[in-house]
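Right, one structure below, let's go through it.
Note that these values count all heavy atoms, side chains included, but never hydrogens, waters or copies made by symmetry.
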Amino acid sequence: MAASDTSTTAAAGNAHEFSVSELSFALKKTVEDAYGHVRVRGEITGYRGPHSSGHCYFGLKDDKARIDAVIWKGNFGKLRFKPEEGMEAIATGKLTTYPGSSKYQIVIEHLEPAGAGALMALLEARRKKLAAEGLFAPERKRALPFLPRVIGVVTSPTGAVIRDILHRLADRFPRHVLVWPVRVQGETSAAEVAAAIEGFNRMEKGGKIPRPDLLIVARGGGSIEDLWSFNEEIVVRAAAASAIPLISAVGHETDTTLIDFAADRRAPTPTAAAEMAVPVRADLIAEVQDRARRLMRAEARTIENARNELRGLARGLPRLTDIVALPRQRFDAAADRLGRALERAAEVKRARLGTIGARLSDRPIRLQIANERKKLPQLLQRLSGAEGRLVADNVRRLEGAAKLLESYSYHGVLKRGYAVVRDGAGKPIRSGAGQKAGAPLDIEFAEDRLGAVVAGGAPEKPRPAPKSKPDSPQGSLL
């Protein structure tokens, strides 16, 4: 017993001693090297949608075991099928460990439903979910326009679908078509189709690019996996929210996708969608012509029936002379009575005028004229006195103004011995500076005027700027 304990102790002493981190990362490397690429089939459990970081965490289980799973943010956006609770799926990725809690997990790079049965189960669950929200309710569906002016088509620009639609529209009733190119399968297909539907709806009416009156979402036939983009919630919700009436034409007649339930009309094929979108122009022309002919025949029959009815009624009427004979006789009698009545009325008015004229007299008018004539001398006397006073007042005012004008005149200054000197142009001279020799002068005194010339020219000097003086009625003085 003692020997055994001794050997065990020696073996333990020779073993390599790991730290917890070293052992955890060694296990992580061993697992990743051994299971670098695996495919695991199981039921998704514990799925609650992407984390706030964008990563996705859940588990895969079967009837005996469970394994943790993670999808990083970069791979989650590329998945064609998104994980859903209870979905049986096949996950492809690599196995690794999480040293922080000594757990192993699978990092999923690709996820797909486990067979067509799983896809159909997922499709049915999604259909029930969206139907419960009312997206497929019949009252949400709108009638298609009888003759849309512009048709928007969401499909692949290179496939046979768009050619079939354009060819069928050209045969039936050519319309303006706008094509929004999208991928109709693949990882980005659903987002592109939803963006195209929303983009057509965001177009403004009357804008540079005309807004469609009708939308067609079309794709050719294929497997359920090929058509899966049109089962995605983003596409179904965009179709249900479209304000423009929408026709779903995805796959063949036997194919059914969720967009068919959300659309306003489902077409079994893209060609059938074009037939639903517009009527046949030739049929419309023929129908209009037929209705025009029927309208003209009905109008002719109506006129003929009315003419016959009028003739029958006319035969039952009495003759015109019989109808107007009695009124004409009454009119003649009334005309005779009217003439006599006018004569009698004139005689009565004439008699009343004579009676009123006899009562009229001009005596009051004559009395009023006599009274006014008595007042006339008094008024004339008052007028004469007022006129004299007014003239005297004006004379006094005129004399005062004349005295004031005389006081302002420069002639009073001349009487005190001053004189005004003017040049040949008659302008007063204020200084001898600048006057040229021989220039004529005019000197004005109080009683007379005297002519003179400049004897010697004085050098010109800069004249100071005259000071501003208030305006005066008299001239400037020397």
Report the residues that fulfil side-chain hydrogen bond (donor to acceptor under 3.5 Å, both in side chains) with Thr271, sequence neighbours left out, ordered by chain and then residue number. none

Could you walk me through whether Leu147 and Arg175 pass side-chain contact (heavy atoms from CB on, under 4.5 Å), step by step? CA-CA 9 Å; Leu147 186 60; Arg175 296 281 84 188; 4.0 Å; yes

Taking the side chain as everything from C-beta on, heavy atoms only, tell me whether Pro181 gets closer than 4.5 Å to Ser156. no

Output for pair (Glu43 CD, Asp62 CG), nearest 0.5 Å, gives 9.5 Å

Just verifying a value: how many Å separate Arg294 CZ and Glu287 CD, rounded to the nearest 0.5 Å? 9.0 Å

What's the verdict on side-chain contact (heavy atoms from CB on, under 4.5 Å) for Ile44 and Glu84, showing C-alpha distance, side-chain angles and the deciding distance? CA-CA 7 Å; Ile44 295 177; Glu84 294 187 12; 5.9 Å; no

Once rounded to the nearest 0.5 Å, what's the spacing between atom CD1 of Ile216 and atom CG of Leu214? 5.5 Å

With the side chain counted from C-beta on, respond yes when Thr96 and Lys28 share a heavy-atom pair under 4.5 Å apart, and no when they do not. yes

Minimal non-hydrogen separation, Val235 against Ser229, with atom names: CG2-O, 3.4 Å

Check: residues 236-250 side-chain donor-acceptor pairs under 3.5 Å, at least two apart:
residue : atom : partner : partner atom : Å
Arg237  : NE   : Glu233  : OE1          : 3.4
Arg237  : NH1  : Glu133  : OE1          : 2.7
Arg237  : NH2  : Glu133  : OE1          : 3.1
Arg237  : NH2  : Glu133  : OE2          : 3.0
Arg237  : NH2  : Glu233  : OE1          : 3.3
Ser242  : OG   : Asn201  : OD1          : 3.4
Ser242  : OG   : Asn201  : ND2          : 3.1
Ser242  : OG   : Ile244  : N            : 3.2
Ser242  : OG   : Ile244  : O            : 2.8
Ser248  : OG   : Asp260  : OD1          : 2.4

Evaluate the side-chain proximity of Val20 to Phe25: yes if any heavy-atom separation is below 4.5 Å, no if none is. no

With His55, which residues qualify under ring pair (Phe, Tyr, Trp, His ring centres under 6.0 Å), at least two apart? Trp72

Would you check if the side chain of Arg219 reaches a backbone N or O of Gly221 as a donor-acceptor pair within less than 3.5 Å? yes

Side chain proximity check, Phe173 to Val280, heavy atoms < 4.5 angstrom: no

Check this for me: Tyr35, atom OH, are more than 12 non-hydrogen atoms of other residues, nucleotides or ligands nearer than 6.0 Å? no

Grab the two heavy atoms, one from Ala191 and one from Ile234, that are nearest each other, plus how far apart they are. CA-CD1, 4.3 Å

Could you give me the CA-CA distance, side-chain angles and deciding distance for Asn75 and His110, then say whether side-chain contact (heavy atoms from CB on, under 4.5 Å) is met? CA-CA 8 Å; Asn75 286 330; His110 180 71; over 6 Å; no

Please check if the number of heavy atoms outside Arg291 that lie under 6.0 Å from its CZ is greater than 12. no

Please name all residues satisfying side-chain hydrogen bond (donor to acceptor under 3.5 Å, both in side chains) with Glu109, sequence neighbours left out, ordered by chain then number. none

Any chance NZ of Lys141 has more than 12 other-residue heavy atoms, nucleotides or ligands included, within less than 6.0 Å? yes

Correct closest heavy-atom pair for Thr97 and Ser24 would be OG1-O, 4.3 Å

On a heavy-atom basis, which atom in Ala196 and which in Val182 lie closest, and how many Å separate them? CB-CG1, 3.9 Å

May I ask you to check whether Glu192 and Thr188 show a side-chain donor-acceptor distance below 3.5 Å? yes

Excluding sequence neighbours, so at least two apart, what forms salt bridge (charged side-chain N to carboxylate O under 4.0 Å, His left out) with Glu232? Arg126

Can you pull the side chain to side chain donor-acceptor pair (under 3.5 Å) pairs that have at least one residue in residues 332-352, sequence neighbours excluded? none

Could you list all the ring pair (Phe, Tyr, Trp, His ring centres under 6.0 Å) pairs where at least one residue sits in residues 195-248, not counting sequence neighbours? Phe81-Trp228, Trp180-Phe200

Leu338 atom CG: more than 12 heavy-atom contacts under 6.0 Å: yes

Verify the neighbour count for atom CD of Glu124: are there more than 12 heavy atoms of other residues, nucleotides or ligands below 6.0 Å? yes

Nearest non-hydrogen partners of Pro83 and Tyr47, listed with the distance: O-CE2, 3.2 Å

CD1-NZ distance between Ile67 and Lys103, expressed to the nearest 0.5 angstrom: 12.0 Å

Between Pro148 and Val278, is any pair of side-chain heavy atoms under 4.5 Å apart? yes

Side chain Thr155, main chain Ala218, donor-acceptor under 3.5 Å: yes

Working to the nearest 0.5 angstrom, can you tell me the gap between Ile259 CD1 and Leu227 CG? 11.0 Å

Tell me whether Asp290 contacts the main-chain N or O of Ala286 through its side chain, where contact means a donor paired with an acceptor under 3.5 Å. no

Given side chains that start at C-beta, do those of Thr45 and Leu60 come closer than 4.5 Å, heavy atoms only? no

Residue set satisfying side-chain hydrogen bond (donor to acceptor under 3.5 Å, both in side chains) with Thr30, at least two apart, ordered chain then number -> none

Any donor and acceptor pair, going by atom type alone, linking the side chain of Gln329 with main-chain N or O of Leu326 inside 3.5 Å? no

Can you list everything that forms a side-chain hydrogen bond (donor to acceptor under 3.5 Å, both in side chains) with Glu372? Sequence neighbours excluded, please. none

Decide if atom OH of Tyr57 counts as having more than 12 heavy atoms of other residues, nucleotides or ligands within a radius under 6.0 Å. yes

Distance-only side-chain donor-acceptor flag, Lys73 / Ser53, under 3.5 Å: no

Residues pairing under side chain to side chain donor-acceptor pair (under 3.5 Å) where one sits in residues 205-217, two or more places apart or in two chains, turn out to be none

Within 6.0 Å of CZ in Arg142, more than 12 heavy atoms from elsewhere: yes

Looking at every non-hydrogen atom in both residues, tell me the closest pair between Pro212 and Leu215 and how far apart they are. CB-CD2, 4.0 Å

Could you tell me whether a side-chain N or O of Asn308 sits under 3.5 Å from a main-chain N or O of Glu304, the two making a donor and an acceptor? yes

As an exercise, state the distance from CG of Leu144 to CG of Asp264, rounded to the nearest 0.5 Å. 6.5 Å

Is there side-chain contact between Leu178 and Ile209, with heavy atoms separated by less than 4.5 Å? yes

Strictly by ring pair (Phe, Tyr, Trp, His ring centres under 6.0 Å), give each pair with a member in residues 249-304 just once, sequence neighbours left out. Phe136-Phe261

Considering only residues two or more places apart or on different chains, which pairs with a residue in residues 144-169 satisfy salt bridge (Lys or Arg N to Asp or Glu O under 4.0 Å)? Arg168-Glu275

Whether over 12 other heavy atoms sit under 6.0 Å from Arg281 CZ: no

Is there a side-chain contact between Ile165 and Val153 (heavy atoms, below 4.5 Å)? yes

